[in-house]
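This report concerns only the one structure given below.
In the text below, chain A, chain B and the rest are named by the order of the sequence lines, each starting its count at 1.
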There are 2 protein chains.
Amino acid sequence: MDSDYQSQARLFKAFCDETRLRVLEMLRGGEKCACKLLENLDCGQSGLSYHMKVLLESGIVTSRQEGKWTYYRICPEGAFTAVSLVQQLTTVTVDSDRCDCCEP
Amino acid sequence: MDSDYQSQARLFKAFCDETRLRVLEMLRGGEKCACKLLENLDCGQSGLSYHMKVLLESGIVTSRQEGKWTYYRICPEGAFTAVSLVQQLTTVTVDSDRCDCCEP
DNA sequence: TTGGTGTATCAAAAAATTTTTATGTGAGGT
DNA sequence: ACCTCACATAAAAATTTTTTGATACACCAA
(Lines give C-alpha, C1' and ligand atoms only; values in the text may rest on other atoms or scores of the structure.)
Protein backbone atom coordinates (compact mmCIF):
# COMPACT_ATOMS: atom_id res chain seq x y z
CA MET A 1 0.00 0.00 0.00
CA ASP A 2 2.75 2.36 1.02
CA SER A 3 5.34 2.78 -1.68
CA ASP A 4 7.63 5.22 0.06
CA TYR A 5 10.63 3.04 0.83
CA GLN A 6 12.56 5.95 2.26
CA SER A 7 10.07 6.62 5.01
CA GLN A 8 9.69 2.94 5.81
CA ALA A 9 13.43 2.67 6.13
CA ARG A 10 13.45 5.74 8.37
CA LEU A 11 10.95 4.12 10.68
CA PHE A 12 13.09 1.03 11.20
CA LYS A 13 16.27 2.97 11.77
CA ALA A 14 14.89 3.37 15.27
CA PHE A 15 15.68 -0.27 15.96
CA CYS A 16 19.02 -0.49 14.17
CA ASP A 17 21.32 1.04 16.72
CA GLU A 18 22.40 -0.21 20.10
CA THR A 19 22.08 3.15 21.83
CA ARG A 20 18.56 3.62 20.51
CA LEU A 21 17.55 0.14 21.59
CA ARG A 22 18.78 0.99 25.08
CA VAL A 23 16.76 4.19 25.06
CA LEU A 24 13.64 2.31 24.00
CA GLU A 25 14.17 -0.20 26.77
CA MET A 26 14.31 2.63 29.28
CA LEU A 27 11.22 4.28 27.83
CA ARG A 28 9.29 1.05 28.18
CA GLY A 29 9.46 1.82 31.88
CA GLY A 30 7.65 5.10 31.29
CA GLU A 31 8.47 8.66 30.36
CA LYS A 32 12.02 9.84 30.98
CA CYS A 33 13.79 13.14 30.70
CA ALA A 34 16.91 13.48 28.62
CA CYS A 35 19.19 13.81 31.61
CA LYS A 36 17.91 10.56 33.06
CA LEU A 37 18.50 8.75 29.78
CA LEU A 38 21.95 10.23 29.54
CA GLU A 39 22.90 8.88 32.96
CA ASN A 40 22.42 5.33 31.76
CA LEU A 41 24.00 5.59 28.36
CA ASP A 42 27.48 5.56 27.03
CA CYS A 43 27.32 8.66 24.84
CA GLY A 44 27.68 12.39 25.04
CA GLN A 45 24.87 14.91 25.38
CA SER A 46 24.88 15.85 21.71
CA GLY A 47 25.00 12.18 20.84
CA LEU A 48 21.84 11.52 22.79
CA SER A 49 20.22 14.50 21.14
CA TYR A 50 21.05 13.03 17.76
CA HIS A 51 19.63 9.62 18.60
CA MET A 52 16.46 11.11 20.05
CA LYS A 53 15.96 13.00 16.84
CA VAL A 54 16.17 9.74 14.90
CA LEU A 55 13.67 8.16 17.27
CA LEU A 56 11.31 11.11 16.94
CA GLU A 57 11.55 11.01 13.16
CA SER A 58 10.68 7.34 13.21
CA GLY A 59 7.43 8.14 14.97
CA ILE A 60 8.11 5.59 17.70
CA VAL A 61 8.80 8.24 20.30
CA THR A 62 7.27 11.61 21.16
CA SER A 63 8.59 14.40 23.33
CA ARG A 64 7.30 17.28 25.38
CA GLN A 65 9.05 20.28 26.82
CA GLU A 66 8.65 21.44 30.36
CA GLY A 67 10.73 24.44 31.24
CA LYS A 68 14.22 23.63 30.20
CA TRP A 69 13.71 19.91 30.32
CA THR A 70 12.66 17.56 27.54
CA TYR A 71 10.71 14.42 28.29
CA TYR A 72 10.43 11.45 25.98
CA ARG A 73 8.02 8.57 25.82
CA ILE A 74 7.04 5.77 23.48
CA CYS A 75 4.21 6.72 21.14
CA PRO A 76 1.62 3.93 20.99
CA GLU A 77 0.40 4.98 17.54
CA GLY A 78 3.94 4.89 16.15
CA ALA A 79 4.51 1.52 17.76
CA PHE A 80 1.34 0.17 16.21
CA THR A 81 2.38 1.48 12.82
CA ALA A 82 5.72 -0.28 13.15
CA VAL A 83 4.19 -3.62 14.10
CA SER A 84 1.67 -3.41 11.27
CA LEU A 85 4.35 -2.53 8.79
CA VAL A 86 6.61 -5.45 9.70
CA GLN A 87 3.62 -7.67 9.40
CA GLN A 88 2.77 -6.26 6.02
CA LEU A 89 6.33 -6.37 4.72
CA THR A 90 6.75 -10.02 5.59
CA THR A 91 3.39 -11.44 4.63
CA VAL A 92 3.52 -13.68 1.59
CA THR A 93 0.55 -13.11 -0.65
CA VAL A 94 0.61 -16.38 -2.56
CA ASP A 95 0.72 -20.06 -1.68
CA SER A 96 4.46 -19.94 -1.77
CA ASP A 97 5.33 -22.36 -4.54
CA ARG A 98 8.76 -22.95 -5.91
CA CYS A 99 10.00 -20.40 -8.36
CA ASP A 100 10.36 -21.84 -11.82
CA CYS A 101 11.81 -18.84 -13.54
CA CYS A 102 15.10 -20.50 -14.52
CA GLU A 103 14.31 -24.16 -14.90
CA PRO A 104 12.86 -25.36 -18.22
CA MET B 1 14.21 -11.00 27.59
CA ASP B 2 16.79 -10.76 24.88
CA SER B 3 19.64 -8.51 25.86
CA ASP B 4 21.73 -8.80 22.72
CA TYR B 5 21.24 -5.41 21.15
CA GLN B 6 23.62 -6.22 18.35
CA SER B 7 21.57 -9.11 17.06
CA GLN B 8 18.32 -7.18 17.43
CA ALA B 9 19.83 -4.36 15.42
CA ARG B 10 20.98 -6.87 12.80
CA LEU B 11 17.46 -8.16 12.41
CA PHE B 12 16.04 -4.72 11.68
CA LYS B 13 18.76 -3.81 9.21
CA ALA B 14 16.67 -5.90 6.83
CA PHE B 15 14.09 -3.13 6.72
CA CYS B 16 16.44 -0.14 6.68
CA ASP B 17 17.49 -0.08 3.07
CA GLU B 18 15.50 0.73 -0.02
CA THR B 19 16.91 -2.10 -2.12
CA ARG B 20 16.15 -4.64 0.58
CA LEU B 21 12.60 -3.34 0.97
CA ARG B 22 12.15 -3.80 -2.76
CA VAL B 23 13.44 -7.36 -2.52
CA LEU B 24 11.05 -8.12 0.31
CA GLU B 25 8.18 -6.74 -1.69
CA MET B 26 9.06 -9.07 -4.55
CA LEU B 27 9.40 -12.05 -2.23
CA ARG B 28 5.94 -11.38 -0.83
CA GLY B 29 4.80 -12.60 -4.22
CA GLY B 30 6.52 -15.93 -3.60
CA GLU B 31 9.93 -17.48 -4.06
CA LYS B 32 12.26 -15.82 -6.55
CA CYS B 33 15.66 -16.67 -7.95
CA ALA B 34 18.47 -14.17 -7.78
CA CYS B 35 18.40 -13.41 -11.48
CA LYS B 36 14.71 -12.52 -11.33
CA LEU B 37 15.30 -10.18 -8.40
CA LEU B 38 18.20 -8.61 -10.22
CA GLU B 39 16.07 -7.82 -13.23
CA ASN B 40 13.84 -5.57 -11.17
CA LEU B 41 16.47 -3.80 -9.12
CA ASP B 42 18.81 -0.97 -9.70
CA CYS B 43 22.01 -2.61 -8.49
CA GLY B 44 24.78 -4.85 -9.72
CA GLN B 45 25.03 -8.60 -9.26
CA SER B 46 27.46 -8.38 -6.37
CA GLY B 47 25.34 -5.68 -4.82
CA LEU B 48 22.35 -7.98 -4.78
CA SER B 49 24.51 -10.71 -3.31
CA TYR B 50 25.49 -8.35 -0.51
CA HIS B 51 21.92 -7.37 0.26
CA MET B 52 20.71 -10.95 0.20
CA LYS B 53 23.37 -11.80 2.74
CA VAL B 54 22.07 -9.07 5.03
CA LEU B 55 18.54 -10.39 4.61
CA LEU B 56 19.64 -13.95 5.33
CA GLU B 57 21.52 -12.84 8.43
CA SER B 58 18.43 -11.08 9.67
CA GLY B 59 16.53 -14.35 9.56
CA ILE B 60 13.70 -12.81 7.54
CA VAL B 61 14.70 -14.65 4.38
CA THR B 62 15.92 -18.16 3.58
CA SER B 63 17.52 -19.55 0.48
CA ARG B 64 17.95 -22.85 -1.31
CA GLN B 65 20.28 -23.92 -4.08
CA GLU B 66 19.20 -25.75 -7.15
CA GLY B 67 21.92 -26.44 -9.61
CA LYS B 68 23.62 -23.18 -10.21
CA TRP B 69 20.64 -21.11 -9.19
CA THR B 70 19.79 -19.68 -5.80
CA TYR B 71 16.19 -19.18 -4.76
CA TYR B 72 15.06 -16.90 -1.97
CA ARG B 73 11.86 -16.71 0.01
CA ILE B 74 10.49 -15.04 3.11
CA CYS B 75 10.90 -17.15 6.24
CA PRO B 76 7.68 -17.17 8.28
CA GLU B 77 9.51 -17.93 11.52
CA GLY B 78 11.87 -15.01 11.02
CA ALA B 79 8.95 -12.77 10.16
CA PHE B 80 7.15 -13.82 13.32
CA THR B 81 10.25 -13.12 15.38
CA ALA B 82 10.48 -9.64 13.90
CA VAL B 83 6.86 -8.81 14.61
CA SER B 84 7.12 -10.09 18.16
CA LEU B 85 10.28 -8.16 18.75
CA VAL B 86 8.86 -4.83 17.57
CA GLN B 87 5.92 -5.48 19.80
CA GLN B 88 8.13 -6.23 22.73
CA LEU B 89 10.45 -3.28 22.15
CA THR B 90 7.61 -0.79 22.06
CA THR B 91 5.36 -2.05 24.82
CA VAL B 92 5.26 0.22 27.81
CA THR B 93 5.27 -1.76 31.03
CA VAL B 94 3.85 0.90 33.35
CA ASP B 95 0.84 3.19 33.40
CA SER B 96 2.85 5.81 31.63
CA ASP B 97 2.87 8.67 34.08
CA ARG B 98 4.82 11.85 33.72
CA CYS B 99 8.44 11.64 34.61
CA ASP B 100 9.26 13.68 37.68
CA CYS B 101 12.97 13.15 37.78
CA CYS B 102 13.90 16.81 37.36
CA GLU B 103 11.02 18.76 38.87
CA PRO B 104 10.93 19.27 42.65
C1' DT C 1 20.64 41.97 33.27
C1' DT C 2 23.74 38.46 34.21
C1' DG C 3 24.98 33.83 34.83
C1' DG C 4 24.06 28.92 34.99
C1' DT C 5 21.65 24.80 33.34
C1' DG C 6 19.52 21.65 29.90
C1' DT C 7 19.13 20.70 25.29
C1' DA C 8 19.65 21.46 20.21
C1' DT C 9 22.44 22.33 16.28
C1' DC C 10 26.52 22.70 13.45
C1' DA C 11 30.78 21.14 11.56
C1' DA C 12 34.53 18.05 11.43
C1' DA C 13 36.31 13.51 12.35
C1' DA C 14 35.61 8.70 12.80
C1' DA C 15 33.24 4.60 11.83
C1' DA C 16 30.07 1.81 9.44
C1' DT C 17 27.47 0.72 5.39
C1' DT C 18 26.81 0.42 0.52
C1' DT C 19 28.41 0.35 -4.24
C1' DT C 20 31.57 -0.84 -7.66
C1' DT C 21 35.13 -3.51 -9.85
C1' DA C 22 37.66 -7.49 -10.13
C1' DT C 23 38.36 -12.08 -9.19
C1' DG C 24 37.08 -16.75 -7.38
C1' DT C 25 34.18 -20.92 -7.03
C1' DG C 26 31.10 -24.59 -8.04
C1' DA C 27 27.64 -26.65 -11.20
C1' DG C 28 26.55 -28.02 -15.81
C1' DG C 29 27.30 -28.73 -20.46
C1' DT C 30 30.57 -29.85 -24.43
C1' DA D 1 39.41 -31.59 -19.37
C1' DC D 2 37.57 -27.15 -20.76
C1' DC D 3 34.29 -23.57 -21.06
C1' DT D 4 30.36 -20.93 -19.51
C1' DC D 5 26.95 -19.43 -16.36
C1' DA D 6 25.12 -17.99 -11.75
C1' DC D 7 26.51 -16.43 -7.76
C1' DA D 8 29.90 -15.35 -3.88
C1' DT D 9 33.73 -12.96 -2.08
C1' DA D 10 37.46 -9.45 -1.69
C1' DA D 11 39.24 -5.01 -2.09
C1' DA D 12 38.67 -0.24 -3.09
C1' DA D 13 35.83 3.71 -3.59
C1' DA D 14 31.74 6.25 -2.47
C1' DT D 15 28.26 7.32 0.66
C1' DT D 16 25.88 7.44 4.98
C1' DT D 17 25.71 7.24 9.82
C1' DT D 18 27.53 8.11 14.28
C1' DT D 19 30.55 10.45 17.44
C1' DT D 20 32.79 14.35 19.12
C1' DG D 21 33.68 19.16 20.24
C1' DA D 22 32.20 23.78 19.87
C1' DT D 23 28.69 26.94 19.91
C1' DA D 24 23.90 28.65 20.23
C1' DC D 25 19.49 29.04 22.25
C1' DA D 26 15.75 28.94 25.70
C1' DC D 27 14.57 28.94 30.30
C1' DC D 28 15.09 30.03 35.01
C1' DA D 29 17.02 32.27 39.13
C1' DA D 30 19.51 35.82 41.39
Side-chain angles (χ1 to χ4, degrees), chain A residues 5-24 26-27 31-58 61-73 98-104, chain B residues 5-24 26-27 31-58 61-73 98-104:
Chain A
Y5 298 110
Q6 291 284 113
S7 77
Q8 294 183 178
R10 191 176 318 126
L11 195 167
F12 292 110
K13 290 215 164 74
F15 306 109
C16 280
D17 176 271
E18 181 165 340
T19 300
R20 293 194 289 269
L21 287 171
R22 284 182 199 281
V23 168
L24 285 176
M26 288 190 260
L27 294 185
E31 188 182 65
K32 300 278 179 299
C33 68
C35 53
K36 193 116 184 180
L37 294 173
L38 200 49
E39 276 177 15
N40 299 293
L41 290 172
D42 186 30
C43 73
Q45 180 270 318
S46 67
L48 175 63
S49 201
Y50 165 73
H51 286 298
M52 295 320 293
K53 193 172 171 185
V54 175
L55 284 169
L56 289 171
E57 281 170 351
S58 78
V61 168
T62 54
S63 68
R64 70 181 172 90
Q65 296 286 136
E66 194 166 312
K68 44 184 177 170
W69 293 287
T70 308
Y71 296 91
Y72 298 97
R73 63 169 69 196
R98 295 183 154 225
C99 168
D100 57 353
C101 61
C102 294
E103 215 70 67
Chain B
Y5 298 111
Q6 291 283 115
S7 77
Q8 293 182 179
R10 191 177 317 126
L11 195 168
F12 291 109
K13 291 217 163 71
F15 306 109
C16 279
D17 177 271
E18 182 165 340
T19 300
R20 293 194 289 269
L21 287 170
R22 283 182 199 281
V23 169
L24 285 175
M26 286 192 259
L27 295 185
E31 189 182 65
K32 299 278 178 301
C33 68
C35 54
K36 192 115 184 180
L37 294 173
L38 200 48
E39 275 177 14
N40 299 292
L41 291 172
D42 185 30
C43 73
Q45 179 269 316
S46 67
L48 175 63
S49 200
Y50 165 74
H51 286 297
M52 295 319 293
K53 194 171 172 185
V54 175
L55 284 170
L56 289 171
E57 281 170 350
S58 78
V61 168
T62 54
S63 68
R64 71 182 170 88
Q65 296 288 137
E66 194 166 312
K68 43 184 177 171
W69 292 287
T70 308
Y71 296 91
Y72 298 96
R73 64 169 69 196
R98 296 185 153 224
C99 169
D100 56 353
C101 62
C102 293
E103 216 69 66

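Contact between L41(A) and R22(A) at its shortest, heavy atoms only, is CD2-CB, 3.6 Å.
One can find a donor-acceptor pair under 3.5 Å joining the base of dA8(C) and the side-chain atoms of Q45(A).
Each of dT18(D), dT17(D), dT18(C) was ranked by its minimum atom distance to the side chain of K13(A); first place goes to dT17(D).
Following rounding to the nearest Å, Y5(B) (OH) and dT18(D) (C1') show an atom-to-atom distance of 19 Å. Taking atom OH on Y50(B) and atom P on dA12(D), their separation rounds to 18 Å, with Å as the unit. Taking atom CD on Q6(A) and atom C1' on dT15(D), their separation rounds to 13 Å, with Å as the unit. Between Q65(A) atom CD and dT7(C) atom P the separation is 9 Å, expressed in whole Å. Rounded to whole Å, the distance from CD on E66(A) to C1' on dT7(C) is 15 Å. Distance CD (E18(A)) to C1' (dT19(D)): 14 Å, rounded to an integer number of Å. dA8(C) atom C1' lies 16 Å from atom CG of L55(A), rounded to whole Å. Distance, Y71(B) OH to dA27(C) C1': 13 Å, rounded to whole Å.
Remark on DNA chain C: of its neighbouring residues S46(B) and K68(B), the 5'-side contact belongs to S46(B), judged by nearest-heavy-atom nucleotide.
For H51(B), no side-chain nitrogen or oxygen approaches OP1 or OP2 of dT17(C) to under 4.0 Å. In terms of phosphate contacts, K53(A) brings no side-chain nitrogen or oxygen within less than 4.0 Å of OP1 or OP2 of dA8(C).
Counting any heavy atom pair closer than 4.0 Å across all strands shown, S49(B) reaches a base atom.
Using a cut-off of 4.0 Å between Lys/Arg side-chain N and Asp/Glu carboxylate O, E66(A) and R98(B) are scored as salt-bridged.
D17(A) is not listed as a side-chain neighbour of Y5(B), based on a closest heavy-atom distance of 4.5 Å or more. Residues L48(A) and T19(A) are not in side-chain contact: their nearest non-hydrogen atoms beyond the backbone lie 4.5 Å or more apart.
Using cut-offs of 30° and 60° for the angle between ring planes, the F12(B) and F15(A) rings count as tilted.
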